[in-house]
Amino acid sequence: MSLSQSVEDYLKAIYLLEIDGVVATTNNIAESLSVSSASVTNMFKKLAKLQLINHKSYRGAELTEAGEKIALEVIRHHRLLELYLKEMMGYSWDQVHDEAEKLEHHISEQFEDKIAELLNDPTHDPHGDPIPSKEGVVPEMASLAITDADENESYIIGRVRDQDPELLRFLEKSGIIPGVKVTILEKTPFDGPVKIKLEDKETTIGNSVAKDVFLVEK
C-alpha cells in the first residue's frame, strides 16, 4: 500500500499517544500534529475507510493491526535515523529529532537495513526510546518516571520523553542522560522539585522535567 506522508504522520501520532496511555482524540491529535480539528476529523474518516484505524465519535481513534504495522515501520525509520545521525554524523541528541522527521518517510528498506547493520542492530535511540525490529517487535521501554520512583533507591536513567531541544541541552549539561546511575534523594510534596544524585553529583530538577525522565531498575 502506497501511503502519503500525512497518513503515516497520523498513524505514528496515534501510536505514540496510545503507548503513553493517552486517548487519540481529535483534539489530542490536532495538538500533536499542529493541525486543525477539522483536518483530523477528515483524516480519521480516510484512515477508517482504509481500515487503518477504528474510530468512534467522541471516543478517539485506535490503530488496527495494519495501522500499527505501518506506524511501527515509520517509528523504526525515525529512531534508526536519530541514532545514525548522532553516532555516525556527529549530531547532538537535541538536533536529531527534527532531522529524522524530515527523512523518515523517504528512506528505502535497503537503506534502513544498511543503517541497522552499521549500528549493529540497535534496540534504543539516543533518547532511550525503543527501536521496533523489522518484524515489528518493540523492545522494553523504560516507564518508571522519576516522580514515581522510590526515595533512597538507585536506578539507571533509561529514557527521556521530551524532544524539546532546549530541555535536552539542559539535561545533557546536567548529566541526566540514558545510561547514567541516579538515586532519588528527596521528592518535595505537591508536585515540588525532586532532589537526585547522579553518580557523585547532587542536583535538583523541577517536577515537570522529572515526569519526563524514565528509569529502569539497576
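This is a predicted model, so every value here is computed, not measured.
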Item to check | Between Ser154 and Thr183, a side-chain donor and acceptor under 3.5 Å | outcome: yes
Next on the checklist: Less than 3.5 Å apart, any donor N or O on the side chain of Asp94 or Ser92 sitting next to an acceptor on the other?
Outcome noted: yes
Item to check | Heavy-atom closest contact (Tyr155 atom, Leu144 atom, distance) | outcome: CE2-CD2, 3.6 Å
Checklist entry - Which heavy atom of Pro139 sits nearest a heavy atom of His124, and at what distance? => result CB-CE1, 4.0 Å
Checklist entry - So does Glu73 pair up with Lys134, basic N to acidic O under 4.0 Å? => result no
Item to check | Non-hydrogen atoms of Ala149 and Lys187 that approach each other most closely | outcome: O-NZ, 2.7 Å
Checklist entry - Can a salt bridge be assigned to the pair Lys102 and Glu99 using a cut-off of 4.0 Å between side-chain N and carboxylate O? => result yes
Checklist entry - Can Ile156 and Val182 be said to form a side chain to side chain contact (heavy atoms under 4.5 Å, CB included), step by step? => result CA-CA 6 Å; Ile156 300 295; Val182 60; over 6 Å; no
Compile the donor-acceptor pairs under 3.5 Å between side chains in residues 7-17 and protein atoms, sequence neighbours left out, one pair per line.
residue, atom, partner, partner atom, Å
Glu8, OE1, His105, ND1, 2.6
Asp9, OD1, His105, NE2, 2.8
Lys12, NZ, Glu101, OE2, 2.6
Lys12, NZ, Glu104, OE1, 3.1
Lys12, NZ, Glu104, OE2, 2.8

Checklist entry - Any link between Phe170 and Ile177 through a network of hydrophobic side chains (Ile, Leu, Val, Met, Phe, Trp, Tyr) touching at under 4.5 Å? => result yes
Checklist entry - For Arg59, which residues count as a salt bridge (Lys or Arg N to Asp or Glu O under 4.0 Å) partner, sequence neighbours excluded? => result none
Checklist entry - Would His78 and His97 count as a ring pair (Phe, Tyr, Trp, His ring centres under 6.0 Å) if you check the C-alpha gap in whole Å, the side-chain angles of each, and the deciding distance to 0.1 Å? => result CA-CA 8 Å; His78 181 96; His97 177 74; 4.9 Å; yes
